[in-house]
Amino acid sequence: MAALTFELQATATGDSKARAGRISTDHGEIMTPIFMPVGTVGSVKAVTQQQLKLDVQAQIILGNTYHLYLRPGTEVLQGAGGLHRFNSWDRPILTDSGGYQVFSLAANRKIKEEGVMFQSHIDGSRHLFSPESVMDIQRSIGADIIMAFDECPPYPSEYDYAKKSMGLTHRWLDRCFQRLADTPDKYGYTQHLFPIVQGSTYKDLRRASCEYIASKEAAGNAIGGLSVGEPEEMMYEFTALCAADLPSHKPRYLMGVGTPWNILECIDLGIDMFDCVMPTRNGRNGMLFTTQGVINIRNKKWASDFSAIDPGLPAEISQYYTKAYLRHLFISEELLGLQLASIQNLAFYLWLVGEARKHILDNSFVSWKREMLDIVKQRL
RNA sequence: GGGCAGAUGGCCGAGUGGUUAAAGGCGACAGACUGUAAAUCUGUUCUCUCACGAGUACGUAGGUUCGAACCCUACUCUGCCCA
């Protein structure tokens, strides 16, 4: 079937590097810039697939190799005919490789040249993740876009460690490409590997990594190892550096970012794809992102606020339910609260990137972004 | 009418002579969360003070003691049992 293609539709003028584009996959199109809801274990927590389509307007969602490998396991996923059929999501899917778990499960793993020995967070059992096994697992999951197996070094990292880690990520990348070339697509559509730039917070390493990654001429390129605790300005600095060094005719994916203002800034720097747990996790913890600003819905001030959750957002639930009711749901630990907050936040994120796209297309991105930043950062 | 048990901070509940403004839980009030080990985690929660610190507080009133939430007496209230 068709290859993954990227059509660059517009680029902002002046200092802005923002662009609008269209990614075509065998499961449909993705209009960029885009935010991708995270559905680690094959489920965007607390949100149904119907809600993702109708309320959130999600175009592509994520899954995670490490988590899906542990549960339900590749046998079940293959039996289902891949993750799309398993979770009934017929639009594009991207799977992260487990590289982030090398970082977040640091206490339970050991990194070697061959790969990473993981101890399952579920039952403590030991598993080896190698570039080859991770490609095989992602073949079984069947995502449209699959990520290279990388090491995401912590911040801060010593130069020597960052350099060695980057080298390892690059060698693993070669093995990922090789394995992918050696194995067929399983479900009749094409899977595309995105390599990941590393190099921690060292400019020469980041440049070298970008050069190496770009030389692979992959369908799209990702920037990893950022938003792991470094100052926000530093994250922007390295995003700018990497975005400038990665090819402009391929989508650029900034992994794990971020807040609404992070996303606006990074769109400005030339990023096309984002993912982050923030809208869902923070939503479940009572933090709402709205077109008016940020709300902690558990705060007493909302107890008798009968205005809509977010009057400025087109999503139905944002209009239909009130802040006071949503607060009540949170205080009462009603599950519906988790669902409404998650949908609100995701719908807001998708609205935000959609608006950004509109303003890039009609060449008004820069002034719109400036106004939007102030609103979106505001604490209500 | 008699017997027994009990009364602790918004609530539940530990404490039975000094290191107790009083454990713990709940509730309440804030904060954190960035390729998800997260419907999670952290902090505050008698009054006054930015703080140091001071003042009040373990049913009520009195007493013993250098010192009492803790011991004694009376009273009030609550629960259970017997009439």
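Values below: every heavy atom of this structure, side chains too, minus hydrogens, waters and symmetry copies. Chain letters run A, B, ... following the sequence lines, proteins first and then strands; every chain starts at 1.
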B:C29 OP1/OP2 closer than 4.0 Å to side-chain N/O of A:N296: no
Which of B:G35, B:A37, B:C33 is nearest the side chain of A:Q198? It is B:G35
Between B:G31, B:G35, B:A32, which nucleotide gets closest to the side-chain atoms of A:V277? B:G35
Heavy atoms, side chains only, cut-off 4.5 Å: are A:I34 and A:L350 in contact? yes
Does B:U36 have its OP1 or OP2 closer than 4.0 Å to a side-chain nitrogen or oxygen of A:T40? yes
With both distances kept under 3.5 Å, what pairs with B:C70, Watson-Crick or G-U wobble? none
Are A:T65 and A:I141 side-chain neighbours, meaning at least one heavy-atom pair lies under 4.5 Å? yes
A:T280 has its side chain closest, among B:A39, B:G31, B:U36, to B:U36
Out of B:U34, B:C33, B:A37, which has the shortest distance to the side chain of A:H67? B:A37
Taking the side chain of A:R281 as its heavy atoms from C-beta onward, which of B:A39, B:A38, B:A32 lies nearest to it? B:A38
Test side chain to side chain contact (heavy atoms under 4.5 Å, CB included), reference A:Q198, set A:I223, A:D150, A:L226, output is A:D150
Is the phosphate of B:U36, meaning OP1 or OP2, less than 4.0 Å from a side-chain N or O of A:N64? yes
Closest nucleotide among B:U36, B:A30, B:U34 to the A:N299 side chain: B:A30
From the list B:C29, B:U34, B:U36, which nucleotide is the closest neighbour of the side chain of A:K300? B:C29
State which residue, out of A:Y100, A:F118, A:F103, A:F149, fulfils the ring pair (Phe, Tyr, Trp, His ring centres under 6.0 Å) condition with A:Y66. A:F118
Side-chain atoms of A:H121 come closest, of B:A37, B:A32, B:U34, to B:A37
